[in-house]
Structures are given as structure tokens and as C-alpha cells.
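Below: one structure, written as C-alpha cells.
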Protein chains: 2
Amino acid sequence: MARTRSNAKPGLRTADRVYEEIRREILSGRLQPGERITEELMAERFGASRTPIRSAMVRLESDGFVETTPRSGTTVKQRSPRDIADIYDVRALLESAAAGLAAQTRSAADLRELVRVQTEMEECFARHPSSGGGEIEDLSRLNKAFHHRILEASGNTTLADSAVRLMDIGFLINTYASFSQEEIARSLDEHRKLIVAIETRDVHWAEAMMRAHILGARNSLRP
Amino acid sequence: MARTRSNAKPGLRTADRVYEEIRREILSGRLQPGERITEELMAERFGASRTPIRSAMVRLESDGFVETTPRSGTTVKQRSPRDIADIYDVRALLESAAAGLAAQTRSAADLRELVRVQTEMEECFARHPSSGGGEIEDLSRLNKAFHHRILEASGNTTLADSAVRLMDIGFLINTYASFSQEEIARSLDEHRKLIVAIETRDVHWAEAMMRAHILGARNSLRP
DNA sequence: GGAAACGCGATTGTATCCAATGTGTCGATA
DNA sequence: TATCGACACATTGGATACAATCGCGTTTCC
């Protein structure tokens, strides 16, 4: 079998490329929960040997995206509605604390960046309110960037890392895709208020706003 | 020491054994932060090939114990005092929430187990108050079990997993080893009060007690 | 004498081969 | 016919061989 060796990015490890790609496929739903992943098949798909695939699998399992039972196989991890709800609860806990810290210590650049992302989100939503095609993914990406920036602004990298981890897992169910138009509009409105709270350094408001934002999203999920 | 393929547990993967062992060595301080880990050397030590070592390394990196720079090498991760303090802050956040939930939903078995672990800790401390030898490790292990049980009793596995992750990392600095005798006694006393709070289902007290317990430990750290 | 280029050794990244083990199928037997 | 067991196959786990790359010392050129 001729290994096509698609020499993608120089200096980047094949294992990393595989990890990113499979992760993306899981997050986008192209790989469904419970679906089986065999190393041989993936190796063929990526034109590589099983070695980098295995490396990627170990990371994916450690990051909670797949489940491996020894000598049996690897499957995309299933999550019960209860698990999803739990994830949102913990996110609410972590990110509300981060929002409070961000309100205290945010820099001017943090604020500018938040406004920029928010503006882009609103433009995206205004252009395609019907939300038919791939704009949902843009919206999800921007939303992630928004939350990411607040976490960074908190100044606590452990807090940020823990929350990002949960955000990634939570997006398995592709939040915005299950949101109605009204729910997206409400989410954007909450972002705006969050920005004001952080801008005016209103710690308690920022905390409460973030908590409400995330718990609200949790209750809007339709499995 | 010749590690001669002692495969103690049948059915357990070598990679898992290596992961556990290296992790333990990092946590116990036998592998110092910044120290280099070469696959070849580890393979020799474990009487295995590089393959399971690599697998373990990927997991260790994903779990935040080591750092790998491509084609350069793997080193035990360095953490600044600020990072350590941050970890404790997040633990306080997560575990206080868990304590509150545990106070609400704990079973009789949960409570019994907490009392059992606590009793064992106190006996251990009473036997060796001078804390010279390996009793510190017993104490650390029991302490971990105590916190672990409360996290489980919370009923939120995501919450528990996130906190356990941080606990493991935090023990890089081997909490109890830096505690004075008085500080250990105080810690045990806080555990007792925590048990009472959970027993009587006093949610707010349990939360506050846990927060105080962890933040107190943070402030007792001497780097 | 200093700086850049070259080459060597050390170490990681990938491929492939072999071993171990779980799974499913097919058949024998009560 | 249902159940148990053995055997073949599929798939992962580990070992080994090879390739790529980085660090660093040496050498050479200006």
C-alpha cells in the first residue's frame, strides 16, 4: 500500500494533525456518539501508520472525547442529558467566578477585544437571522472566543483551562444549533450586559450575569 | 534496581503501569520539576520498549504533569507559586460547591465512609504526631480519599472529575509535608466540622467550611 | 579573533512486525 | 431448540527498525 504521505505542514506532527481533525469531527457531529473508531481505518484515511493515530487516541481519551476499552476498541463518548446538565452547572460556577475576576482586573485591551468579538457576532446574526447554513458554526466559534477572552482576563490560568476543557466537551451537542432565533438574540443581549458589567467593574453583576447566561443556555438545550 | 517485567496485575496494560508509576514519582517529588524524562531511559527502567512509555507520556502531558516540546524532550512541568495558589482558589470554588451538594444528597453510606476515613486519619496522626517518616504519605492518601468521597457524594461527576484533576496537580507540592504539626491538627479539626455539617445537612455551613479549609491550606503553603 | 556553516550524536516521530486478547460465529450436545 | 464451548477473525498492545530533527561542538572562512 503506497503511503501517500501528504506532507501537510512542515514541523507539525502527524499525531497533532490527526488529533485536531478527529476532535473537529466529533465536535461538529460528523462522528456521532457511540460510533466506533478503528485505528486501521483512520490510518488509511490520513495516509499514515497506526502509530500517530494511537497517539491521538490517547489524547482524545484523556481529554474526554472518546472511550477506549482495552483490546476491544475506541468509540466516541456518550454523554447523558444529566452529564450535559452537570457540565453546564460547573461551567456556571467557574465562568461566573472568572467574570467577577475579569471585572476587577481587565485591561483596556481585554475590553476592546470583547467588544470586537461581540460586534462581529451581532453582524453575523444580523446577516443571517434565519440561521440556515454554516453561520451557526461561525457564531459558535465567536461565542467560544468571547467566553475564552473573559476567562483569560480573569488572570487565573487554572480557572481558564478548567473551564475551556468543559466548554469543548459541552459543544459536543453544538449549543447554538439547538437554539431558536429568540434564544440566540437573548444570548447576544446577555453578552452585551456582561460587557457593560465588566467595563464598569461591577463584580457582582458580572458574576450574576455570567451565571444566568450559562444556566439559561443549559435550560434551552433540547436533546 | 532492575525492573524485570514484574507484570503484577494481569490484564493491565504496561502503558497504564508506567503512567501510574511516573505520576507517583512526580507527585512524591522523586522527579523534580524541570527534570528531563527521556523515553529510552524510562523504557530501560521499566523493562519495556519505548511504545508504552510514549503512550504514558502523552497522557501525562494531557493531564498537566509534564511538558513536551516537539523533538526536544519531555520535562516535569514547572509551576510558579502563583499557579499553585490559583489551583487552590479553583479547588475552593469547586469543592465548596461539592460539599454543599453533598450535604443535600449524601447517603448514609457516604457519611459512614467519611467518618471511617476521618477516624483512620486521626489514629494515624495520633500514632505519629512528630510526622517523621512515611506517615505523611498515608495522611496525604487519606486526605485525598476524604475529599474524593465528598466530591463523589455531590452526585456531579463533572464537578468531581474537575476537582480531582486539580487535587492531583496540587499535590505536586505535597501539601502535608510542608504543614506543621499544628496545621495538621487544625486541618483534622476542620474535617470533623465538615462531617458534622454534611451529617446535619447544613448546606451553607458545609460550603463555607470547605472553602475555609482549602483556602486555609493554601495560605499554609511554604514554597 | 569572531561568526557562520557544517557535521555528529542524542532523542523524538513514524512505520511495520508480532503478540495478546476480546468478539462473533458455528457447531455439538443435552 | 437453547446453551455452551471452541475456533477463527478483528483489533488493540508492545517491540523493533528506521527516518527526521534539534542541540551543540568543531571547523572554516572572512
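Letters A, B, ... mirror the listed sequences (proteins, then strands); counts begin at 1.
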* **Value in whole Å for how far the P atom of D:dT12 lies from CG of A:Leu60** => 14 Å
* Presence of salt bridge, A:Glu35 and A:Arg30, under 4.0 angstrom -> no
* Asked: Once you round it to whole Å, what is the distance between P of C:dA15 and CZ of B:Arg50?
  -> 14 Å
* Mapping A:Pro52 and A:Thr69 onto DNA chain C by nearest heavy atom, which one lands closer to the 5' end? -> A:Pro52
* Structure fact -> From CE of A:Met42 across to P of C:dT14 the rounded distance in Å is 17 Å
* A:Glu40 has an atom CD; how far is it from atom P of D:dA10, in whole Å? -> 11 Å
* Asked: If each of A:Thr51 and A:Gly73 is mapped to the nucleotide of DNA chain D with the nearest heavy atom, which maps nearer the 5' terminus, i.e. the 5' end?
  -> A:Gly73
* To do: Starting at atom CD1 of B:Ile53, determine the distance to atom C1' of C:dT11, rounded to an integer number of angstrom.
  => 14 Å
* Pick one: which of A:Asp63, A:Asp168, A:Val18, A:Val66 meets side chain to side chain contact (heavy atoms under 4.5 Å, CB included) with A:Arg23? -> A:Asp168
* Send over the distance from A:Glu44 CD to C:dA15 P, rounded to a whole Å. => 14 Å
* Short side-chain N/O contact from A:Ser72 to OP1 or OP2 of C:dG22, under 4.0 Å -> no
* Distance in angstrom units between B:Glu61 CD and C:dT12 C1', rounded -> 13 Å
* Return no unless some side-chain N or O of A:Arg13 is found under 4.0 Å from OP1 or OP2 of C:dG13. => yes
* Structure fact -> In this structure, OG of A:Ser96 is separated from CG of B:Leu93 (nearest 0.5 Å) by 7.0 Å
* d(CZ, A:Arg36; C1', C:dT23) in whole Å -> 9 Å
* Taking atom types as they are modelled, is there a donor-acceptor pair under 3.5 Å from the base of D:dG23 to the side chain of B:Arg71? -> no
* Asked: NA contact type, A:Ile37, heavy-atom cut-off 4.0 Å: base, sugar-phosphate, or nothing?
  -> sugar-phosphate
* If you take all heavy atoms of A:Asp86 and B:Gly155, which pair is closest and at what distance? -> OD2-O, 3.9 Å
* Separation of B:Arg149 CZ from B:Ile195 CD1 (nearest 0.5 Å) -> 12.0 Å
* Can you find an N or O donor on one side and an acceptor on the other, under 3.5 Å apart, linking the side chain of B:Arg54 with the base of D:dG14? -> no
